Amino acid sequence: MDIRGILGNQPYYTSRQAQRGFGGSIECKSVYEADPSAVIRKEEDGIAAKSHYTEDEALWNQYMKQYRDSLKIVDGKLVVNGDPRNVLLGKVSQEELEQYRLKLEQEGIGDDIDWRGVESDFKKMDINFDNAGYLNTKIDYIASRYAVLKDRIEENYSGDEKERQLSGLNEIMDGAKKTILDSYVDSVGNFYEEYGHSGTKTELAESLSKGIDQRISQYEDHLQKSESYAALADTTKWLQQDDGYMAARLREDMEACGSTSARIEETDYTLQDLEAAGVYAAECKERLDNRGVFWSDNEQRMGLDLAVQGMKTDYLTRQGNLSGNMQHLLRDTFQDYKDKYVDLLEQMLGEKAAQFHTPMKTGVDREEIAAVYEYVMNQYRQSGDILDAFTKGARHAQSAFESTFSDKAGNPGSYSAKYEWDNFFDQSQYTGVAKDDTMYEKYKKSIDRFIQNLESDGNKKIHMLFNGSGDYELNLFA
């Protein structure tokens with residue numbers, strides 16, 4: 001967010017001062033220096049989930065709070081009612097913001113919880129195929145905000161008023177949790193049920209529900225025990241009163257102390273499992289929904305492409321910090337996915353052939369697909385090296401095609417397949433001019449990025465890159 005203008009979605013409105021009592025203590029490294037370059041990640045669903053949320057961002061949100069009755073975001077666009085001064089044009093000067101900061105430092109932002117702001121921030125928690133990779137981000141966001149707000153209520157209210165405030169907080173939290181659960185089950189859960197895993201939807205829902213509850217408990221416990229988080233009591237009062245700011249600091253403190261484990265006790269799947277399952281389902285579904293549009297109908301290419309996806313699936317189960325249950329689920333799902341992949345391609349070929357009077361390819365040789373697939377997978381099983389197995393498999397697939405081409409020359413699709421293989425490793429052999437990345441290079445980059453993704457720290461998101469073979473026009477590698 002640029003504090004000089006309006007960018008992203010509706011601001012986040014926050015309140016109140018955190019005061020605490022402590023149990024045991026946790027010593028952590030300092031994580032509280034404001035990072036001027038830090039930004040709130042704005043997802044399409046409007047949730048500024050796991051973010052640094054710096055002091056400058058908190059200042060801007062508080063400034064904009066004055067005008068929230070005049071501003072709202074509809075379909076990603078700013079809608080204005082009334083005339084809230086030059087702020088609408090992004091012309092708020094740094095001097096004016098500094099004056100507002102001084103006002104906040106002198107007066108604070110008040111002790112009453114901004115329930116309207118909390119309700120706004122806890123909306124749009126849906127998890128679907130478009131944002132499945134942010135499941136834990138959203139859970140961390142609502143869990144940390146809940147922990148800060150609950151602590152604030154318990155320290156500053158008593159009797160019936162305390163119960164009323166807690167009841168309101170729990171009602172908002174229950175609504176956000178229900179939204180996450182229902183949307184996840186209706187999308188991700190249904191996907192696995194459709195692939196023959198009866199009962200998985202219920203198991204995923206139960207694990208997710210327990211996981212959210214345990215994540216809340218982790219934040220509540222850490223808030224009470226962390227000395228580094230407690231030290232924020234010495235910070236500026238208005239920032240202490242901004243529960244969104246304090247929740248962001250709590251998330252950072254949890255991460256700095258290594259307390260962000262996503263494991264769930266006594267459940268079928270961990271939170272890490274559930275996020276990985278969502279990403280995996282989303283990428284499988286995207287590939288199948290685009291059936292045939294960009295796929296090659298050359299059997300050797302299909303076998304190679306499926307083998308790359310199979311190797312990535314296996315590598316994820318081994319290196320993705322997943323439970324045994326999730327490893328089995330993904331491996332079994334891929335076998336069904338592989339068959340569906342070929343079925344849908346043949347369906348597409350048949351539909352396309354019906355539109356033309358000239359002979360066209362209507363089916364594929366599944367044995368040829370399987371031969372290349374098994375060759376590549378065997379190379380991978382021997383070495384454990386995806387890129388090496390892919391390179392050897394691509395050479396083998398090209399050779400297998402060339403050895404049978406003379407028998408198929410003239411058949412529908414044979415010449416287009418030959419052109420694909422002639423250009424697979426080197427696009428310049430006909431023209432003498434190097435073009436964009438070859439198909440081999442696109443596959444290689446998708447494999448490299450996938451592996452780096454899993455081997456990096458836990459803040460990285462999983463990207464299977466099933467569409468990273470170059471079949472799709474995507475700029476994935478910048």
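Worth saying up front: this structure is predicted, and the values here are computed from it rather than measured.
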For [X] and [Y], indicate whether the former's side chain and the latter's backbone hold a donor-acceptor pair under 3.5 Å.
X: Ser183; Y: Ile127; answer: yes
X: Thr391; Y: Leu387; answer: yes
X: Lys138; Y: Asp126; answer: yes

Side-chain donor-acceptor contact under 3.5 Å, [X] with [Y]:
X: Arg449; Y: Gln452; value: no
X: Asn321; Y: Gln272; value: no
X: Tyr380; Y: Asp388; value: no
X: Gln224; Y: Asp151; value: yes
X: Asp305; Y: Gln309; value: yes
X: Arg331; Y: Thr313; value: no
X: Gln165; Y: Glu161; value: yes

Taking side chain as C-beta onward, heavy atoms only, is [X] less than 4.5 Å from [Y]?
X: Leu322; Y: Leu330; result: yes
X: Asp242; Y: Gln62; result: yes
X: Thr236; Y: Gln240; result: no
X: Tyr157; Y: Arg164; result: no
X: Ile153; Y: Leu169; result: yes

Using a strict cut-off of less than 4.0 Å between a Lys/Arg side-chain nitrogen and an Asp/Glu carboxylate oxygen, indicate whether [X] and [Y] qualify as a salt bridge.
X: Glu252; Y: Arg249; result: yes
X: Glu441; Y: Lys444; result: no
X: Lys177; Y: Asp213; result: yes
X: Asp114; Y: Lys65; result: yes
X: Lys225; Y: Asp221; result: yes

Tell me every residue that passes side chain to side chain donor-acceptor pair (under 3.5 Å) with Asp385, counting only those two or more places apart in sequence or in another chain.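 Residues passing side chain to side chain donor-acceptor pair (under 3.5 Å) with Asp385: none at all.
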
Residue Asp174 excluded, over 12 heavy atoms near CG under 6.0 Å: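 Above 12, so yes.
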
Other residues, nucleotides, ligands: >12 heavy atoms within 6.0 Å of Lys338 NZ: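 For Lys338, atom NZ is crowded (more than 12 foreign heavy atoms under 6.0 Å).
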
For the pair His197 and Tyr192, name the ring-plane relationship: parallel under 30°, tilted 30 to 60°, perpendicular over 60°.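 Judged by the thresholds at 30° and 60°, the geometry between His197 and Tyr192 is tilted.
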
Would you please classify the geometry between the Tyr443 ring and the Phe390 ring as parallel, tilted or perpendicular, with 30° and 60° separating the classes?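 Correct class here is tilted.
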
As a quick check of understanding, evaluate salt bridge (charged side-chain N to carboxylate O under 4.0 Å, His left out) for Glu105 and Lys237, giving each step before the final call. CA-CA 7 Å; Glu105 289 177 353; Lys237 181 178 181 180; over 6 Å; no

